[in-house]
Novice: 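Take this structure first; my questions come after.
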Amino acid sequence: MRLLLVSILFFSICVAAQNQAILFDQSYLMLHNMLDNKEPYSFKKAVLSTENAYLDGGLDTIEVNKKLKLLHSVSLILLEYRDIQYAEKDKETIHKFASVFQVMHDSINIKINGTLYRHLPYQYDFSDVFGHDNPENLFVSKLLATRKGNCHSLPYLYKIIAEDLGVEANLALAPNHIYIKHKSLLDGWYNTELTSGIFPVDAWLMASGYMHIDAVTNGVYMKALDKKESIALLMIDLAEYYNHRLPDNDGKFVLQCCDAALSAYPHFAKALILKAETHKKQVDKSEDTAQRDAAYKDLAKEYSLIHALGYRNMPESMYLNWLLSLKEQRTKYENKKL
Amino acid sequence: MLAQVNPILPSAPVPSMHVLYPSANLPILDSKTQQQQQFAEINWEVAQFEKLRTQTSCNIPQDINSTSNIRYTLPFNGSDGANIYKEAYNKLRNMNAGNYCVADVIFDIENAYFDNRQDKREFTLYIEKAAQFLTDKMNELDYDPESNVAKNLLLFQFFAEPLQLKAAKQKHLPFKYDFDDYMGVKDYSKMFVTKLMATGAGQCHSLPLLYLILAEKIGAEAYLAFSPNHSYIKFPDEKKKWYNIELTNGMFTTPAFILNSGYIKAEALQSQIYMKSLNKRELLSQFYVDLAGGYVHKFGYDDFAKQIIDSALELYPDNINAQMMKATYYNRLFEFVASQLGINPFDKADLQRIKGNPRAVAILAEVNKQYQTIDELGYEKMPFEAYEEWLKSVTDEKNKQENEKFKQQFKGSITRSVRN
């Protein structure tokens with residue numbers, strides 16, 4: 001009897017794990033199809049599918065979509081009623097960028113049918129900024145529910161609202177960090193930093209101290225990522241959520257994600273590192289010492305490529321200091337043209 | 001109807017001014033990004049333009065559609081001196097871009113500016129004496145003559161520190177930075193190596209060039225690199241690790257210092273217009289820019305200036321200084337054409353009137369295309385006040401410490417005894 005219970009329990013865990021794997025597979029397929037142009041690109045859909053896979057199908061899509069729709073409406077209202085001082089030909093686009101930024105960053109009072117509604121800005125959440133304790137802290141759905149986010153969820157949400165308005169917002173990477181790049185006729189490329197709501201100049205990002213100049217030259221960092229490269233970011237998110245959910249996996253799914261991400265964005269450091277680390281895990285498990293030594297040599301090659309591209313590991317403890325330096329040295333690093 | 005006009009076109013310092021017209025509502029026009037930052041310069045340009053206009057105003061045809069006498073090329077203002085530039089240009093053209101003598105090229109460029117009146121023997125003698133001094137000092141210090149780091153460190157010391165040869169009691173004092181007119185606006189020859197040789201003081205153009213000349217002479221591997229409004233030296237060690245030398249202050253600097261100028265966009269690094277060690281071809285391209293700079297300073301922009309700039313871009317299409325000069329050339333050309341048509345290019349409403357003239361429209365399209373190219377390379381204009389402030393910041397405590405660190409690091413590894 002006890003044996004039966006145990007086996008039923010065991011069996012049900014297996015089924016749960018299998019179900020979960022199915023959701024991850026589905027999300028992978030969707031992202032992959034977007035990369036292959038087999039499915040229309042939608043950053044929003046792609047993000048939500050990765051979160052849903054992690055949440056084991058538990059994402060309340062109705063609620064999330066309702067909130068996103070509301071944000072879209074607020075940004076439309078801002079577009080209609082708030083003007084910007086900008087005289088170039090791309091004013092319409094820049095106006096949209098501005099309204100997305102306001103939706104994210106400002107308190108907005110809106111009167112509808114005599115009732116005053118107050119839209120509150122999104123804030124930076126200093127706890128678990130890398131999602132180590134709980135990857136859900138990185139989620140857009142969490143940001144929507146709690147109005148608090150980090151350098152993962154804030155730029156993602158920004159990009160989603162922007163794309164709902166029909167304009168592109170390019171994600172860009174820095175060590176341990178994601179921010180937004182826009183191009184205007186007036187100033188060329190400029191940066192939008194959502195964690196502090198400041199527009200910093202490139203020198204601030206480069207001054208993090210962990211950005212080797214080669215990494216910038218090679219597009220590892222500070223490159224305005226196109227649509228496919230953005231999906232590549234989500235591929236790696238998906239792989240990391242998978243590792244979190246199924247820590248004892250054989251690495252196959254993760255490697256598959258890495259390869260897909262790298263085909264779209266070959267110099268994507270995070271994908272290269274995850275790939276190398278997954279290989280290492282696989283090699284560590286191997287019993288055959290001769291085979292293992294050979295594999296370690298290949299691994300060394302992988303890591304040296306990552307190094308050659310200019311990637312350097314930024315200790316996570318340094319990250320918050322750097323992030324705060326923008327506010328502390330605002331005069332030095334703020335883009336005064338904006 | 002329209003008499004021959006011969007306006008004196010203002011010559012710009014190199015890197016040249018970035019001037020823009022207000023964006024007109026013509027289909028081909030594009031407003032440009034640096035526009036708003038440059039009111040001061042535009043005002044200057046407007047003043048120049050007004051001068052030009054008064055010169056030509058008596059000749060403005062009433063009907064701008066009668067364009068038969070309009071000239072669409074910039075007038076040639078050269079004298080005999082221009083022929084000397086042509087000779088110098090042809091000499092560069094006949095050179096093997098992968099293998100040439102840096103010292104000879106630099107001498108020819110500067111000599112053209114002085115109407116070929118410079119003494120080559122004196123120039124050569126200076127280099128030979130300096131090279132002999134360096135070789136002797138190398139032996140005295142027991143530096144490894146095979147080590148590129150050793151040779152560059154000694155060159156660095158030659159520029160930055162007082163050096164004395166014990167045996168010969170010869171002394172060499174460090175070069176100084178000459179703050180006065182460092183862009184050579186008033187006196188273009190302020191940027192010349194010959195001026196540096198004569199006075200012991202130079203700036204960010206002449207100091208790195210003299211470094212390259214001496215490096216060539218003693219067989220050290222060193223390269224020129226750009227940053228906004230600036231050039232400096234890079235050299236590799238045996239392991240291909242790169243080091244930066246800031247000669248205006250005689251210090252080793254980190255990439256962070258250079259990036260901290262604040263005017264290097266990520267796109268500028270991705271297109272490699274800055275911080276890249278120039279190979280021989282790319283360096284030759286920059287020598288064309290120097291040649292064009294001297295020519296333009298003397299005679300203004302014209303077709304020949306454009307020809308020199310085109311040769312520079314042939315060798316190194318992303319040479320930002322050449323691209324900037326090309327932009328200025330089109331600016332001048334458009335202003336010249338506009339002035340003949342009696343149109344003020346800085347007045348948005350007035351500018352619309354060029355619509356009737358397809359050739360003028362085409363030139364304006366070139367202006368805009370050129371600024372787009374520059375924007376796409378990631379160029380951002382660095383104001384000269386910001387440049388001066390940045391250059392001074394090299395002596396900040398942090399940079400001084402980095403400099404000392406580099407020096408210590410080198411000193412331990414370059415003597416012969418260490419190697420053997």
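Chain letters run A, B, ... following the sequence lines, proteins first, then strands; residues in each count from 1.
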Novice: Search all heavy atoms of Gly219(A) against all heavy atoms of Gln270(B) and return the closest pair with its distance.
Specialist: CA-NE2, 4.1 Å
Novice: What do you reckon, is CD of Gln329(A) surrounded by more than 12 foreign heavy atoms closer than 6.0 Å?
Specialist: yes
Novice: Could you tell me the separation between the NZ atom of Lys183(A) and the CD atom of Glu267(B), rounded to the nearest 0.5 Å?
Specialist: 8.0 Å
Novice: Could you tell me the separation between the CG atom of Leu269(B) and the CE atom of Met206(A), rounded to the nearest 0.5 Å?
Specialist: 4.5 Å
Novice: Checking Tyr333(A) against chain B: side chain, backbone, both or neither under 4.5 Å from a heavy atom?
Specialist: side chain
Novice: Quick one: pull up CD1 in Ile213(A) and CD1 in Ile258(B) and give me the separation to the nearest 0.5 Å.
Specialist: 7.5 Å
Novice: Report which part of Lys223(A) has an atom under 4.5 Å of a heavy atom belonging to chain B: side chain, backbone, both, or neither.
Specialist: both
Novice: Near Lys228(A) NZ, under 6.0 Å, is it more than 12 heavy atoms from other residues, nucleotides or ligands?
Specialist: yes
Novice: Can you tell me which residue pairs pass the side chain to side chain donor-acceptor pair (under 3.5 Å) test with a partner in residues 383-392 of chain B, sequence neighbours excluded?
Specialist: Tyr182(B)-Glu388(B), His230(B)-Tyr387(B)
Novice: At what distance, to the nearest 0.5 angstrom, does CH2 of Trp189(A) lie from CD of Glu376(B)?
Specialist: 10.5 Å
Novice: Return the NZ to CG distance between Lys265(B) and Asp187(A), rounded to the nearest 0.5 Å.
Specialist: 7.0 Å
Novice: Can you find a pair of side-chain heavy atoms, one from Lys276(B) and one from Thr217(A), that are under 4.5 Å apart?
Specialist: no
